[in-house]
Amino acid sequence: MTWTEERVELLKELWGNGKTAADIAEALGGVTRNAVIGKANRLNLSAKGEAKPASVRAEPSAKRPCQWPIGHPGEPDFRFCNKEAAAGKPYCVHHCNLAYQNRDSAAA
DNA sequence: CCCTGATTCGC
DNA sequence: GCGAATCAGG
């Protein structure tokens, strides 16, 4: 298993949202809680308490570009994805799956 | 005993 | 850098 942007973001997301390493590991799949903790540790995480963009539920009528916060608020490179958001979704399909913690009801 | 995260060790 | 094993705390 390789740690891609999606998994790392989901890792930080769930971790910051109060999820335990075991939950995150299971959520990602193919990784054990040790791997999650190890990755989190290497990412200099463990000091959880980040933003929770996944908690922001916008109405399914918002036609705006993907406003997924890339990086951390305060970082000099903090920006938004600004990709093409899915129809009626605040984020692009890519990040929508992350935001809604989608597993099977993929918004393809 | 169970769980948690953190750290260390080997690959 | 990755993951497992191990350590320490709850």
Side-chain angles (χ1 to χ4, degrees):
Chain A
M1 265 317 222
T2 51
W3 282 101
T4 58
E5 291 293 310
E6 291 170 62
R7 273 209 300 266
V8 172
E9 284 200 67
L10 184 59
L11 160 63
K12 292 191 296 187
E13 199 58 60
L14 297 175
W15 189 284
N17 263 285
K19 293 294 183 181
T20 60
D23 282 327
I24 301 168
E26 197 176 295
L28 271 84
V31 285
T32 63
R33 69 182 207 93
N34 307 314
V36 174
I37 291 171
K39 182 58 177 179
N41 183 289
R42 261 161 250 137
L43 287 167
N44 220 291
L45 251 79
S46 55
K48 46 190 166 192
E50 278 298 305
K52 298 193 262 289
S55 305
V56 180
R57 297 285 138 103
E59 288 296 293
S61 307
K63 301 243 196 71
R64 357 174 239 241
C66 181
Q67 294 182 94
W68 183 272
I70 303 297
H72 305 159
E75 288 284 291
D77 59 298
F78 173 61
R79 80 207 79 134
F80 294 100
C81 172
N82 265 290
K83 274 172 56 179
E84 180 183 354
K89 281 161 186 156
Y91 303 127
C92 63
V93 182
H94 174 90
H95 284 131
C96 187
N97 283 282
L98 298 176
Y100 298 128
Q101 297 172 30
N102 202 315
R103 294 266 95 64
D104 51 276
S105 307

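All chains are named by letter (A, B, ...) in the order of the sequence lines, taking the proteins before the strands, and each is independently numbered beginning at 1.
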I'd like the 5' and 3' limits of the part of DNA chain C contacted by chain A, with heavy-atom contacts below 4.0 Å.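 Under 4.0 Å from chain A, the extent on DNA chain C is C/dG1 to C/dT6.
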Using whole Å, what does the distance between atom [atom2] of nucleotide [N] and atom [atom1] of [X] come to?
X     : N     : atom1 : atom2 : value
A/L14 : B/dG5 : CG    : C1'   : 16 Å
A/I24 : B/dA6 : CD1   : C1'   : 14 Å
A/K19 : B/dG5 : NZ    : P     : 12 Å
A/N34 : B/dT4 : CG    : C1'   : 12 Å
A/K39 : B/dG5 : NZ    : P     : 18 Å
A/R42 : B/dA6 : CZ    : C1'   : 12 Å

Using only side-chain N and O atoms of A/N41, determine if any of them is under 4.0 Å from OP1 or OP2 of B/dT7.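 The answer is yes; a side-chain N or O of A/N41 sits under 4.0 Å from OP1 or OP2.
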Extract all donor-acceptor atom pairs below 3.5 Å that involve side chains of residues 22-39 of chain A and protein atoms in other chains or at least two apart in sequence.
residue	atom	partner	partner atom	Å
A/D23	OD2	A/T20	OG1	3.1
A/T32	OG1	A/N34	N	3.4
A/T32	OG1	A/A35	N	3.4

If you assign each of A/M1 and A/R33 to its closest nucleotide in DNA chain C, which residue comes earlier from the 5' end?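 Closest to the 5' end, via its nearest nucleotide, is A/M1.
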